[in-house]
Amino acid sequence: MWKLLVGLPLSVDDLIEIDKDYMAGINFFRDLPNKEEEFEAIDMPFSTPGAAGQEVPLSSTYHRINLANRDQYVQSALDYRLHEFDFQVQAVVEGLAKVIPVPLLSLFTGEELRTMVCG
């Protein structure tokens, strides 16, 4: 979150640092052999767990993950997780803007801002 507050985007590396288990699941699908029977045996929905544990559908077109839509699933799941808290982060930035000019936040790294706020 601190990176987002200083205007830096999150990356896949940030997701790995935050939630190794989630990324292991995404990488499992990404690296699964190109065999349709492998996907049929798994029979997974085209959705991802949100941070609060709820299932979030990632497509209105696809309902199950299969060989043909695997890459789209991986990208959709990553996009969802990377932007899951954009609305909340924007609210925090708006609150910070009442006490500090937001452009000044970009002078710091996420870690520096965290240290200044949390000690």
Side-chain angles (χ1 to χ4, degrees):
M1 178 180 95
W2 298 102
K3 274 179 80 171
L4 294 172
L5 292 175
V6 299
L8 297 172
L10 293 180
S11 68
V12 171
D13 290 337
D14 295 316
L15 288 180
I16 292 168
E17 204 173 296
I18 293 167
D19 194 344
K20 289 182 174 132
D21 291 337
Y22 182 81
M23 288 306 299
I26 295 298
N27 291 338
F28 171 80
F29 284 106
R30 184 195 66 200
D31 299 337
L32 203 59
N34 291 333
K35 296 180 181 175
E36 188 64 43
E37 59 272 7
E38 298 272 346
F39 286 92
E40 289 176 11
I42 296 170
D43 192 34
M44 290 288 294
F46 202 92
S47 62
T48 193
Q54 80 285 13
E55 276 302 302
V56 178
L58 297 173
S59 172
S60 59
T61 306
Y62 302 116
H63 301 291
R64 312 302 291 165
I65 303 169
N66 59 44
L67 182 59
N69 66 24
R70 165 188 38 195
D71 292 337
Q72 185 174 354
Y73 171 77
V74 168
Q75 190 59 53
S76 296
L78 290 174
D79 287 344
Y80 173 79
R81 199 48 97 96
L82 288 169
H83 299 284
E84 186 173 10
F85 297 106
D86 286 354
F87 179 77
Q88 291 86 347
V89 168
Q90 185 57 40
V92 172
V93 169
E94 289 172 12
L96 281 172
K98 296 183 186 301
V99 293
I100 184 171
V102 172
L104 291 180
L105 295 175
S106 66
L107 298 174
F108 305 103
T109 66
E111 186 62 28
E112 289 170 336
L113 181 62
R114 185 185 70 76
T115 301
M116 288 187 295
V117 172
C118 299

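Because the structure is a prediction, the values reported are computed rather than measured.
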Rounded to the nearest 0.5 Å, the CG atom of N66 sits from the CE atom of M44 at a distance of 13.0 Å
For R30 versus R70, what's the shortest heavy-atom pair and its separation? O-NH1, 3.5 Å
Residue pairs involving residues 8-17 (criterion salt bridge (Lys or Arg N to Asp or Glu O under 4.0 Å); sequence neighbours excluded): K3-D14
Are any of the side-chain heavy atoms of L96 and L105 separated by less than 4.5 Å? yes
Kindly write out the residues that satisfy ring pair (Phe, Tyr, Trp, His ring centres under 6.0 Å) with F29, not counting sequence neighbours, or none if the list is empty. Y73
Once ring-ring contact (aromatic ring centres under 6.0 Å, His included) is applied, what residue pairs with a partner in residues 76-119 remain, sequence neighbours excluded? none
Going by salt bridge (Lys or Arg N to Asp or Glu O under 4.0 Å), name the pairs with one or both residues in residues 43-54, residues two or more places apart or in two chains. D43-R64
Partners of P9 by side-chain contact (heavy atoms from CB on, under 4.5 Å), sequence neighbours excluded? none
I18 reachable from L4 in the ILVMFWY side-chain graph, under 4.5 Å edges: no
Under the side-chain contact (heavy atoms from CB on, under 4.5 Å) test, residues paired with Q72 that sit two or more places apart: F46, Y62, S76
Note: W2 and G110 closest approach over all heavy atoms is CB-O, 3.2 Å
Among all residues two or more places apart in sequence or in another chain, which pass the side-chain hydrogen bond (donor to acceptor under 3.5 Å, both in side chains) test with D21? none
Among residues at least two apart in sequence or on other chains, which ones pass side-chain contact (heavy atoms from CB on, under 4.5 Å) with T109? E111, E112
Would you name the heavy atoms of M23 and V12 that are closest together and state the gap between them? CE-CG1, 3.5 Å
Those residues that, when tested against D86, pass salt bridge (charged side-chain N to carboxylate O under 4.0 Å, His left out) (two or more places apart): none
Salt bridge (Lys or Arg N to Asp or Glu O under 4.0 Å): pairs with one or both residues in residues 91-102, sequence neighbours excluded: none
Counterpart residues, side-chain contact (heavy atoms from CB on, under 4.5 Å), relative to L82 (two or more places apart): L10, L15
How close do A77 and Y22 get, heavy atom to heavy atom, and via which atoms? O-OH, 3.3 Å
Which pairs, with at least one residue in residues 51-61 and sequence neighbours excluded, count as a side-chain hydrogen bond (donor to acceptor under 3.5 Å, both in side chains)? S47-E55
Using a 4.5 Å cut-off on heavy atoms from C-beta on, say whether the side chain of L5 contacts that of V117. no
From H63 atom NE2 to N69 atom CG, the distance as rounded to the nearest 0.5 Å: 11.0 Å
Inter-residue atom distance L58.CG - L78.CG, 0.5 Å rounding: 10.0 Å
